[in-house]
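The structure appears below as structure tokens.
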Protein chains: 2
Amino acid sequence: MAKAGMDVTEVTTPCLLLDIDKVKENANSMIERCRKLGVKLRPHMKTHKCLEIGEFSTGGTKACIAVATLTEAEFFARGGFDDILCTALFTADKINRMKTLSEKLKLFHVMVDSSYAISLLKTPPSTDTRWSVYLKVDCGNNRGGVRWDDTAEALSLAKAMLDSSCSISFQGLYCHDGNSYACRGASEIKTVGGTSAERLLLLADKLRSGGVCVPTVGLGSTPTSSHPTESMQKLTELHPGNYIFYDVAQSVIGSCNIDAIAVKVATRVIGHYPHRNQLLVDAGFAAMSHDGRGVLPNHSTCVVQDHPELSLVNMNQEVGFIEAVNGTMNYTDLPLGSLLFLLPYHVSHVSCKPCIM
Amino acid sequence: MAKAGMDVTEVTTPCLLLDIDKVKENANSMIERCRKLGVKLRPHMKTHKCLEIGEFSTGGTKACIAVATLTEAEFFARGGFDDILCTALFTADKINRMKTLSEKLKLFHVMVDSSYAISLLKTPPSTDTRWSVYLKVDCGNNRGGVRWDDTAEALSLAKAMLDSSCSISFQGLYCHDGNSYACRGASEIKTVGGTSAERLLLLADKLRSGGVCVPTVGLGSTPTSSHPTESMQKLTELHPGNYIFYDVAQSVIGSCNIDAIAVKVATRVIGHYPHRNQLLVDAGFAAMSHDGRGVLPNHSTCVVQDHPELSLVNMNQEVGFIEAVNGTMNYTDLPLGSLLFLLPYHVSHVSCKPCIM
């Protein structure tokens, strides 16, 4: 990792650049938004996988976070974090690692949406602990989770957890409303966020009517957490992740202004090819990821900062192909060796080495 | 990394599985093919980035390899490899690392296609060494390189290297004929390989006629190296990389039979969703890569081993979405927790942790 404060022209490319002031601003805005909403923030770590940024996003408490994998959970546990929710659905091969985390942490939560998963938790992690378990709910995202309107199934699973002979402590409901990624603009985002929250709260009420205590009702995605609705005040927690950096996709969705994007990839021009009106840069899909390939209006996979006339039209593993959107490439202004800064479409899979500026 | 010889049902998923016998068979077949052809093999390490596999692919010599980045060059140099060609076009920020490699190794080669890059090499790496430099040539691939038919430019660059006051030792020509990836079947592959070799050899002859010594004429891609033509006998080296594992893309191109694929991703079923005829597995694009998303005839991004009725239709970061190609999913045969093995479309960007079986 390059050092904070070094001259950006000195970085070896490709290099992920973080604007640490923007990271802190994004972190603090979400903390403040949740405070006003009266809902606990459980920031997701999957986007950055970084202890320092985890500390910013928890306001320094290093507690109450979500992670996507057990490997991430183990990493943050070693880094001194606690109250960790692992959002992955698990299988039998994961139980021993889950036990170790349950013993090590004050609070470690896992997620289920099937009786199979509950059956794997019939033995408590240790003699004096219980599994802390969320029920994953699908409020329209069509990924994992029990459907929000399948009360019978949700009630059956919740009751199976209550009847678990004290091996399980049922924590409540979790929903990732990732269908918000199809929205364009704050109004559509609020419709998805509001609808998801209402569906989740309705299911929570039905479980309560069925005799189940539901302490937590948590929802999360960056778009809906960036534009919360009034009905979301009745939730108990939010768990967005991408907002810490934001990216071009989030600006297209309407979660943020493009100025809020805290991350970019520095790359250098390595070749001029006027016979096909292209130049090559040293960032390919190994650095930038394929996610969102060609989806922007100019068929670009990213925004080339300060160069609206340029489009990243293709990538190989280590090389990006840049074209002029209209007319002929101005090679004079982009000599070999010159730096360009690419704002990534989807930041969660950008994987070149970071440099905090 | 999981241990060689462990029971495959014990792996924690997602997990990259290598069939080490197939890896060795692919390595030895290419060594034998090049021996018969009378052409030196310079295997590319970018696909596996692994010292042990580098050793197999060099027949144990740990010499004469190609790498895609300086980071890979440094890794293999630390691992005891020598005669390393870095195929990336470079900029000024890379010179110090290139100097260190030139001093450390007996043979370290770099690649240029512009007078800008040559100008960066006007000082030798040290008082008693010279830069060993290949000229990158484009024989129809439309990526980096001087065009094969631009004799004037190639001659001008080669002469600039000869006139470099002894800072540069010109090694010859290099071409990656990656346009072979558009081929379907051995006949089309041989046309691309033959044409590329003839173009490259023609340019070499023209340089020689212009007074330039061209020791090396090297060509490489997995498809054309898997089906070499007679004209390729006149080349001096081949540098394929992907062949060490092969993948579904290579079987579609016609480079290999699907049985030659030495790598697969083990994943487990984590959710049943009969209302949308889907199941979820714990391998998403973080494990499998987006490359080749949905390109197979059944709109799958991979081959699900032993399950021609299944298609990987979508991926999130950590989750894969599998559908039945025709009719209804047979969930009884695919219970939660059961293992599936995915043959990746493009293996070079598969990034989950490996397990050698």
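Chain letters run A, B, ... following the sequence lines, proteins first, then strands; residues in each count from 1.
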Based on non-hydrogen pairs under 4.5 Å, which of B/Ala88, B/Gly145, B/Gly271, B/Ala92 is most in contact with chain A? B/Gly145
Applying a strict 4.5 Å limit to non-hydrogen atoms, the region of B/Glu153 in contact with chain A is neither
Side-chain donor/acceptor of A/Arg276 to backbone N/O of B/Arg143, under 3.5 Å: yes
Nearest-0.5 Å distance, NE2 of residue B/His176 to CG of residue A/Asn316: 7.0 Å
Which bit of A/Val269 is near chain B, if near means a heavy-atom gap under 4.5 Å: side chain, backbone, both or neither? backbone
Under a 4.5 Å cutoff for heavy-atom pairs, which residue among A/His272, A/Arg147, A/Gln278, A/Glu10 has the most contacts with chain B? A/Arg147
At a 4.5 Å cut-off on heavy atoms, which part of A/Asp150 comes close to chain B: side chain, backbone, both, or neither? neither
Quick one: pull up OG in A/Ser338 and OH in B/Tyr116 and give me the separation to the nearest 0.5 Å. 8.5 Å
When rounded to the nearest 0.5 Å, the distance separating NZ of B/Lys94 from CD1 of A/Ile270 is 8.5 Å
With a 4.5 angstrom heavy-atom cut-off, could you sort out which part of A/Leu336 is near chain B: side chain, backbone, both or neither? both
Can you tell which of A/Val319, A/Leu280, A/Asp282 has the highest number of heavy-atom pairs within less than 4.5 Å of chain B? A/Leu280
Trace of the side chain to side chain contact (heavy atoms under 4.5 Å, CB included) decision for B/Asp113 with A/Tyr273: CA-CA 10 Å; B/Asp113 75 351; A/Tyr273 307 95; 2.5 Å; yes
Side-chain (A/Asp93) to main-chain (B/Thr13) donor-acceptor, under 3.5 angstrom: yes
Please round to the nearest 0.5 Å and tell me the distance separating atom CG of A/Asp138 and atom NE2 of B/His275. 5.5 Å
Rounded distance [0.5 Å steps], CZ in A/Phe90 versus CZ in B/Arg268: 13.5 Å
Chain B shares the most heavy-atom pairs under 4.5 Å, among A/Leu70, A/Thr69, A/Leu89, with A/Leu89
Distance (rounded to the nearest 0.5 Å) between A/Glu318 CD and B/Thr87 OG1: 8.0 Å
Considering non-hydrogen atoms only, spot the tightest contact between B/Asn142 and A/Phe321 and give its length. O-CE2, 3.4 Å
